[in-house]
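Some notes on the structure that comes next.
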Number of protein chains: 2
Amino acid sequence: MKYEEELISTKKIYQGKIIRVEEEEVRLPNGEKAKREIVRHHGAVAIMCVTDDDKMIFVKQWREPLQRITLEIPAGKIEANEKNPKKTAIRELNEEVRLQPESLDLIADFYTSPGFADERMLMYFAHNLQPVSKELPQDADEFLNTVELTLTEAKKQIDAGLICDSKTIMAVWKWELLELRRS
Amino acid sequence: MKYEEELISTKKIYQGKIIRVEEEEVRLPNGEKAKREIVRHHGAVAIMCVTDDDKMIFVKQWREPLQRITLEIPAGKIEANEKNPKKTAIRELNEEVRLQPESLDLIADFYTSPGFADERMLMYFAHNLQPVSKELPQDADEFLNTVELTLTEAKKQIDAGLICDSKTIMAVWKWELLELRRS
């Protein structure tokens with residue numbers, strides 16, 4: 001079976017600071033034409049941070065698209081000039097939680113919304129976190145606090161809906177998997 | 001600490017069939033102004049289907065935003081006229097894998113990309129799947145096949161990158177959690 005679609009034309013709709021929007025016309029495997037609405041994004045990183053006393057670090061912040069406060073693991077966009085996503089993760093950890101990891105392991109590499117967006121996210125596990133020696137300036141439009149939760153508390157916050165995004169639920173579930181395998 | 005942003009104005013950028021794009025001007029907690037780029041989406045469902053012989057059902061399809069073939073769990077958009085997301089899940093299961101669940105349990109409720117999109121996804125676990133008595137017509141622009149994988153095979157496909165989206169990795173990790181708890 002043939003699955004591929006063939007690009008006929010691309011119409012630029014919008015160029016923002018974070019996203020670009022395009023309308024594509026494609027040729028389907030059966031020869032028919034179809035339209036695709038696509039959001040282009042430069043990609044992002046997210047980081048699982050577990051403290052020595054077995055708590056995960058979350059960032060509490062306002063999410064304008066959702067009109068609500070959320071608890072999410074530290075994360076951020078890969079800037080246009082950043083070629084190494086681990087460096088993005090180290091920068092975001094400094095800006096958001098003021099911690100420096102000794103090393104980062106890649107835990108997952110995924111697209112957040114493959115139906116309409118190309119945003120790719122790399123999720124890392126941070127080892128041996130220490131306070132940063134030099135604090136980077138925080139984004140001028142970000143207002144956030146950090147919150148530390150045990151696994152049991154984090155699972156309660158998923159049920160309560162304060163933890164409500166895919167990467168953060170993934171991080172909690174992966175943490176639970178690691179704990180179960182260890183026990 | 002105050003986190004909330006206050007909406008000053010909304011500019012409509014694009015109204016597609018699947019997404020709507022808006023630019024918001026907001027007042028930050030410190031009184032400054034900032035711009036927010038927001039993709040509006042009507043929401044979606046995804047379904048974990050595990051067969052009697054312990055295989056999960058995936059859909060193989062082309063994803064134009066990613067320019068690649070993926071393996072994902074069955075999923076689909078909530079249509080404007082659909083008020084009950086369980087009915088959306090039953091419709092999508094019929095269209096994509098020709099199966100009818102006896103019941104559906106909500107496993108997770110999350111936003112896929114809270115930084116720029118309001119897409120909310122409800123993930124269900126399907127119980128007692130049976131072939132449908134009446135096949136619904138498939139979407140004219142969807143070309144897909146189903147693939148069944150054991151947990152070990154599914155984890156290999158995550159490593160190989162064919163399973164590469166957040167909801168599907170979540171489904172495989174949750175499946176592993178359920179198996180570990182059972183053993």
Side-chain angles (χ1 to χ4, degrees), chain A residues 1-5 13-14 16-19 21 23-24 26 28-30 32 34-39 41 44 60-66 69-70 72 77 108-119 121 140-141 143-145 158 161 164-167 169-170 173-174 176-177 180-181, chain B residues 1-5 13-14 16-19 21 23-24 26 28-30 32 34-39 41 44 60-66 69-70 72 77 108-119 121 140-141 143-145 158 161 164-167 169-170 173-174 176-177 180-181:
Chain A
M1 177 163 167
K2 191 169 177 287
Y3 298 93
E4 285 79 0
E5 298 174 3
I13 303 287
Y14 172 69
K17 277 187 172 177
I18 297 168
I19 58 169
V21 181
E23 244 182 32
E24 285 191 359
V26 296
L28 299 172
N30 67 355
E32 300 289 318
K35 285 234 166 118
R36 298 288 179 229
E37 301 165 8
I38 301 178
V39 176
H41 185 285
K60 190 173 182 176
Q61 65 189 316
W62 177 257
R63 285 302 200 176
E64 183 64 16
L66 317 182
I69 290 169
T70 63
E72 297 173 37
K77 291 177 295 294
D109 177 352
F110 55 91
Y111 296 94
T112 55
S113 264
F116 67 89
D118 70 354
E119 185 193 28
M121 181 167 273
D141 63 352
F143 294 80
L144 45 84
N145 263 327
I158 293 175
C164 60
D165 76 296
S166 50
K167 70 175 177 304
I169 296 177
M170 284 175 80
W173 288 1
K174 173 54 86 172
E176 190 176 7
L177 273 174
L180 277 173
R181 280 204 215 107
Chain B
M1 175 162 170
K2 191 171 177 289
Y3 298 93
E4 284 81 0
E5 298 174 3
I13 303 287
Y14 172 68
K17 277 187 171 177
I18 296 166
I19 58 169
V21 181
E23 244 183 33
E24 285 192 359
V26 297
L28 299 172
N30 66 355
E32 299 289 317
K35 285 234 167 119
R36 299 287 179 228
E37 301 165 8
I38 301 177
V39 176
H41 185 285
K60 190 172 183 177
Q61 65 189 317
W62 177 257
R63 285 303 201 177
E64 183 63 17
L66 318 182
I69 290 169
T70 64
E72 299 173 35
K77 293 177 295 293
D109 177 351
F110 54 92
Y111 296 95
T112 55
S113 263
F116 67 89
D118 70 353
E119 185 194 28
M121 182 167 272
D141 63 351
F143 293 79
L144 45 84
N145 262 329
I158 292 176
C164 60
D165 76 297
S166 50
K167 70 176 177 303
I169 296 177
M170 284 175 80
W173 288 1
K174 172 54 87 173
E176 190 175 5
L177 274 174
L180 277 173
R181 280 205 215 104

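All values derive from a computational prediction rather than experimental measurement. Numbers restart at 1 for each chain; the letters A, B, ... are given by sequence-line order, proteins then strands.
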*Let me know if A:I69 has heavy atoms under 4.5 Å from chain B in its side chain, its backbone, both or neither.*
side chain
*Using a 4.5 Å cut-off on heavy atoms from C-beta on, say whether the side chain of A:E64 contacts that of B:I38.*
yes
_In the structure I gave you, are the side-chain heavy atoms of A:Y14 and B:E23 within less than 4.5 Å of one another anywhere?_
yes
*Sort out for me which of A:K77, A:E32, A:H41, A:K2 touches chain B most, counting heavy-atom pairs under 4.5 Å.*
A:H41
*Look at the side chain of A:E37 and the backbone N and O of B:K17, then say whether any donor-acceptor pair between them is shorter than 3.5 Å.*
yes
*Is it the backbone or the side chain of B:L180 that comes under 4.5 Å from a heavy atom of chain A, or both, or neither?*
side chain
*Which one, A:R181, A:E5, A:M170, leads in non-hydrogen pairs under 4.5 Å with chain B?*
A:E5
_B:D165 (side chain) donor-acceptor with A:S113 (main chain) under 3.5 angstrom_ = no
_Side chains of A:F116 and B:E119, heavy atoms from C-beta outward: is any pair under 4.5 Å?_
yes
*Taking atom CD1 of A:I19 and atom CD1 of B:I19, what is their separation to the nearest 0.5 Å?*
7.5 Å
*asked:* Is B:Q61 close to chain A through its backbone or its side chain, or both, or neither, when contacts mean heavy atoms under 4.5 Å?
replied: backbone
*Side chain, backbone, both or neither: which part of B:A44 has a non-hydrogen atom closer than 4.5 Å to chain A?*
neither
*Hey, which of B:A108, B:G115, B:G161 has the most heavy atom pairs under 4.5 Å with chain A?*
B:G115
*Would you say the side-chain atoms of A:D109 pair up with the backbone N or O of B:C164, donor to acceptor, closer than 3.5 Å?*
no
*Given the options A:N30, A:T70, A:V21, A:V26, which has more heavy-atom pairs under 4.5 Å with chain B than any of the others?*
A:N30
*Looking at A:I158, A:D118, A:D141, A:I169, which one has more heavy-atom pairs under 4.5 Å with chain B than the rest?*
A:D141
*Identify which of A:K60, A:M121, A:K167 forms the greatest number of heavy-atom pairs closer than 4.5 Å to chain B.*
A:K60
*Interchain contact, B:L144 with chain A, by part (heavy-atom threshold 4.5 Å)*: backbone
*Test item: B:E72 and A:P114 side chains (from C-beta on) under 4.5 Å apart, heavy atoms*: yes
